[in-house]
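One structure, pasted below without further comment.
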Amino acid sequence: MSDPAVSVVITCFNYGRYLPESIGSVLAQSFEDFELLVVDDGSTDDSLAIAQQLAADDPRVTVIAQENAGQPAIPRNLAVQRARGEYIVCLDADDRLDPEMLARCAAVLDADADVALAYPRTVEFGDSHELHPHLNWSVERLVRCNFLPCCTMYRRAAWVAAGGYNTNVRGYEDWDLWLGIAATGAGGRPALGALWHYRKHGAGVYSESTGRDQQLKAQVIVNRPQLFSDTQLAWAGGVLAGDSAALAITAPLGHPPVFNDPPWMPILTVGDTRRIGAEEVRRVAVLAYSAELLADPALLSAYGSTVSATDDITLVIATGDGDVAPLLEAVAAAGLDGDDSPDMIALPAVPRGVDAVLSRREHAAAPRFDETTLRSLRALAAAA
């Protein structure tokens, strides 16, 4: 039997009263190529018996029982490790999916290999009935706050690349994972028409975590340092150390504090980018991802054959946690390390405020160019 395309993971602790509705919403999907893994996290109610009975009635359902872990990240990681699907969706046992959810999210991922996150729109039920806006993908927005639902569909390979769900951010583990995936250079996209039904009933791990908001935000920043500024990292270290000055700096719930940091922190430069601060780059800043340039050297060569040292353009390369040495070798191999080469600067994190993107990936915040459209970059520079 071939592996399913999608693995749905439901983690449950003492939510037996909601479990049939949650499982039923998965089994009612129009998209049928899935498996459902239900992890009972040491429940003391009838959750395990209910899950086992529902599994006996449908071969797509597998039940995993474990001792209580005290947080969703641990049973989720266990289930994803066992999952056979290329795509993963995690669903809390008190929530449910719209019947078209899997189909619409899987279609987004099928359409573009560079998209790793396909997220539905959130509609609340229970104590409230709010329909949340469906926001466009933006790494900058994700760094400011988590706008992706916990049941965002993601590639299993992206979960591996990000290191899975971290267990030191109980209640903020979803945001932490999305940031980890974004830090690899992978993108996200809203799945139009897909809905996640989020039960509002005043309980749950997230509502419990809000009292530890500062510490959790600080730990997320420490976990994913490549996406945050040096000042935010210093603040996070102070909060975790119990420093009173750091603890006195507050921000809205779920939002890290924002400082007036210089947006550019170069770790290598090519060309004549010598100035410090926002003026480090020329008139137009073009973002590229180191991992993509290394995997596809033709893209870098095409850029070098189109843009010259006389153009008012700087290529800003986000390296993440990657070693800079391979990037230097790629730049040299493309013949772009001379005095007449176009300006390039490498940064450890995706910078703010770029004007364009050199990539085959979609990018919501700026126009995208590849080797077939590069010549129009000059028009962008002239108009800037």
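This chain uses plain numbering: 1 for the first residue, then up along the sequence.
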(message) Would you say that Leu358 contacts Leu287 through its side chain, given a criterion of any heavy-atom pair below 4.5 Å between the two side chains?
(response)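 The answer is no; the side chains never approach within 4.5 Å.
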(request) Please check if Ile10 and Leu78 belong to a single hydrophobic cluster, counting links between Ile, Leu, Val, Met, Phe, Trp and Tyr side chain heavy atoms closer than 4.5 Å. (result)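 Not linked; separate clusters.
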(request) Flag the pair Lys200 and Asp127 as a salt bridge only when some basic side-chain nitrogen lies within less than 4.0 angstrom of an acidic carboxylate oxygen. (result)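 Asp127 and Lys200: not salt-bridged.
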(request) Flag yes if Val8 and Phe31 sit in one hydrophobic cluster, no otherwise; membership is Ile, Leu, Val, Met, Phe, Trp, Tyr, and two members link when side-chain heavy atoms are under 4.5 Å apart. (result)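 Result: yes, single cluster for both.
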(message) Let me confirm one number: the OG-CZ distance from Ser359 to Phe369, rounded to the nearest 0.5 Å.
(response)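 Between Ser359 OG and Phe369 CZ, I get 12.5 Å after rounding to 0.5 Å.
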(request) Please answer: with hydrophobic residues joined when any side-chain heavy atoms are less than 4.5 Å apart, are Ile74 and Ile88 in the same cluster? (result)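 Each belongs to a different hydrophobic cluster.
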(request) Ignoring hydrogens and angles, tell me if any N or O in the side chain of Glu86 forms a donor-acceptor pair with the backbone of Arg155 under 3.5 Å. (result)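 Such a contact is absent between Glu86 side chain and Arg155 backbone.
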(message) Measuring only between side-chain heavy atoms, which start at C-beta, is Tyr154 closer than 4.5 Å to Leu109?
(response)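 No - every pair of side-chain heavy atoms lies 4.5 Å or more apart.
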(request) Report, as yes or no, whether the 6.0 Å neighbourhood of atom CD on Glu32 holds more than 12 heavy atoms from other residues, nucleotides or ligands. (result)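 Atom CD in Glu32 is not crowded, with 12 or fewer foreign heavy atoms closer than 6.0 Å.
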(request) Before accepting this row, confirm whether a basic side-chain N of the pair Arg60/Asp33 lies closer than 4.0 Å to the acidic partner's carboxylate O. (result)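 Here Arg60 does not pair with Asp33 in a salt bridge, since their nearest N and O are not under 4.0 Å apart.
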(request) Could you tell me whether the side chain of Arg17 and the main chain of Asn14 form a donor-acceptor pair under 3.5 Å? (result)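 Side chain of Arg17 to backbone of Asn14, a donor-acceptor pair under 3.5 Å: yes, one is there.
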(request) Walk me through it: do Met344 and Leu336 pass the test side chain to side chain contact (heavy atoms under 4.5 Å, CB included)? (result) CA-CA 9 Å; Met344 285 178 278; Leu336 301 180; 3.6 Å; yes
(message) With a 4.5 Å cut-off on side-chain heavy-atom distances among I, L, V, M, F, W and Y, is there a chain of contacts connecting Leu117 to Leu135?
(response)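 Leu117 clusters together with Leu135.
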(message) As a quick check of understanding, evaluate side chain to side chain donor-acceptor pair (under 3.5 Å) for Thr231 and Ser229, giving each step before the final call.
(response) CA-CA 5 Å; Thr231 310; Ser229 71; 4.5 Å; no
(message) Assigning hydrophobic clusters by single linkage (Ile, Leu, Val, Met, Phe, Trp, Tyr; side-chain heavy-atom cutoff under 4.5 Å), is Leu195 placed with Phe125?
(response)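 In one cluster: no.
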(request) Could you tell me whether the side chain of Arg224 and the main chain of Asp176 form a donor-acceptor pair under 3.5 Å? (result)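 Yes, the answer is positive, given that a donor and an acceptor are paired below the 3.5 Å cut-off.
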(message) I'd like to check Asp92 versus Tyr198 (side-chain heavy atoms, cut-off strictly below 4.5 Å). Are they in contact?
(response)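 A side-chain contact under 4.5 Å is absent here.
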(request) Would you mind reporting whether Val26 and Leu97 have side-chain heavy atoms less than 4.5 Å apart? (result)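 A side-chain contact under 4.5 Å exists here.
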(message) Treating Glu329 as the side-chain partner and Leu327 as the backbone partner, does any N or O pair qualify as donor plus acceptor under 3.5 Å?
(response)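 Not confirmed, Glu329 side chain does not pair with Leu327 backbone.
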(message) Test your reading of the model: is there a side-chain donor-acceptor pair from Arg156 to the backbone of Val6, 3.5 Å cut-off?
(response)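 Such a contact is absent between Arg156 side chain and Val6 backbone.
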(message) Suppose we screen for side-chain contact (heavy atoms from CB on, under 4.5 Å). Which residues come up paired with Glu130, at least two apart in sequence or across chains?
(response)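 Only Glu124, His132 meet the side-chain contact (heavy atoms from CB on, under 4.5 Å) criterion with Glu130.
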(message) Is it the case that the side chain of Gln29 and the backbone of Ser25 share a donor-acceptor pair, with hydrogens and angles ignored and the cut-off at 3.5 Å?
(response)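 Present.
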(request) To the nearest 0.5 Å, tell me how far His197 NE2 sits from Asp95 CG. (result)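 One finds 10.0 Å between NE2 of His197 and CG of Asp95.
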(message) Go through it in stages, so that I can follow the logic: the residues are Asn146 and Asp174, the test is side chain to side chain donor-acceptor pair (under 3.5 Å), and I'd like the CA-CA distance, side-chain angles, deciding distance and then a yes or no.
(response) CA-CA 8 Å; Asn146 182 25; Asp174 301 306; 5.6 Å; no
(message) Tell me if a side-chain donor or acceptor on His134 pairs with a main-chain N or O of Tyr119 at a distance below 3.5 Å.
(response)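 Yes.
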With a 3.5 Å cut-off and sequence neighbours excluded, list the donor-acceptor pairs that the side chains of residues 239-259 form with protein atoms.
from: Asp243; atom 1: OD2; to: Ala245; atom 2: N; distance (Å): 3.2
from: Asp243; atom 1: OD2; to: Ala246; atom 2: N; distance (Å): 3.0
from: His255; atom 1: ND1; to: Leu253; atom 2: O; distance (Å): 3.0

(request) Would you list the pairs meeting side chain to side chain donor-acceptor pair (under 3.5 Å) in which at least one residue belongs to residues 101-110, sequence neighbours left out? (result)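 Every side chain to side chain donor-acceptor pair (under 3.5 Å) pair that includes a residue of residues 101-110, provided the two are not neighbours, is Tyr87-Asp110.
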(request) To the nearest 0.5 angstrom, please state how far the CD1 atom of Ile221 sits from the NZ atom of Lys217. (result)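 Between atom CD1 of Ile221 and atom NZ of Lys217 there are 8.0 Å.
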(message) Measuring from atom CG of Leu48 to atom CD1 of Ile64, what distance do you get when rounded to the nearest 0.5 angstrom?
(response)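 Between Leu48 CG and Ile64 CD1, I get 11.5 Å after rounding to 0.5 Å.
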(request) Determine, step by step, whether Asp213 and Tyr172 satisfy the side chain to side chain donor-acceptor pair (under 3.5 Å) criterion, reporting the C-alpha distance in whole Å, the side-chain angles of both residues, the deciding distance to 0.1 Å, and the verdict. (result) CA-CA 9 Å; Asp213 175 65; Tyr172 283 21; 2.5 Å; yes
(request) List the steps, then state whether side chain to side chain contact (heavy atoms under 4.5 Å, CB included) holds for Trp159 with Ile181. (result) CA-CA 7 Å; Trp159 171 86; Ile181 291 173; 5.5 Å; no
(request) Specify the closest pair of heavy atoms between Cys151 and Met101, including all atoms of both residues, with the distance to one decimal. (result)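 In this case the closest contact between Cys151 and Met101 is O-CE, 3.2 Å.
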(request) Please step through side chain to side chain contact (heavy atoms under 4.5 Å, CB included) for the pair Asp370 and Arg368, ending with a clear verdict. (result) CA-CA 7 Å; Asp370 58 22; Arg368 183 181 63 85; 3.8 Å; yes
(request) Kindly compute the distance separating CG (Leu177) from OH (Tyr165), expressed to the nearest 0.5 Å. (result)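 Reported to 0.5 Å precision, the distance equals 5.5 Å.
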(message) Between Leu37 and Glu35, is there a side-chain heavy-atom distance shorter than 4.5 Å?
(response)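 Yes, at least one pair of side-chain atoms sits under 4.5 Å.
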(message) Between Arg199 and Glu21 (salt bridge meaning N to carboxylate O under 4.0 Å), is one present in this structure?
(response)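 Between Glu21 and Arg199 there is a salt bridge, with a charged N closer than 4.0 Å to a carboxylate O.
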(request) Flag the pair Val9 / Thr11 as yes when at least one side-chain heavy-atom distance between them is below 4.5 Å, and no otherwise. (result)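 Yes, at least one pair of side-chain atoms sits under 4.5 Å.
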(message) In the structure I gave you, are the side-chain heavy atoms of Pro20 and Ile50 within less than 4.5 Å of one another anywhere?
(response)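 In contact.
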(message) When you measure from the side chain of Asp40 to the backbone of Ser43, do you find a donor-acceptor pair of N or O atoms at a distance under 3.5 Å?
(response)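 Here the side-chain-to-backbone pair exists.
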(message) Quick check against the 3.5 Å criterion: does Arg144 have a side-chain atom that pairs as donor or acceptor with the backbone of Val139?
(response)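 Judged by distance alone, no pair lies under 3.5 Å.
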(message) Please determine whether side chain to side chain contact (heavy atoms under 4.5 Å, CB included) holds for the pair Val169 and Asn223, giving the CA-CA distance in whole Å, both sets of side-chain angles, and the decisive distance to 0.1 Å.
(response) CA-CA 9 Å; Val169 283; Asn223 286 353; 3.7 Å; yes
(request) Mind checking the OG-CG spacing from Ser341 to Leu315? Nearest 0.5 Å is all I need. (result)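 With rounding to 0.5 Å, OG (Ser341) is 11.5 Å from CG (Leu315).
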(request) Please tell me if the side chains of Glu371 and Tyr303 come closer than 4.5 Å, counting only heavy atoms from C-beta onward. (result)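 No, every pair of side-chain atoms sits at 4.5 Å or beyond.
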(message) Closer than 3.5 angstrom, by distance alone: can the side chain of Ser22 be matched with the main-chain N or O of Tyr18 as a donor-acceptor pair?
(response)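 Pair absent, no side-chain N/O of Ser22 close to backbone of Tyr18.
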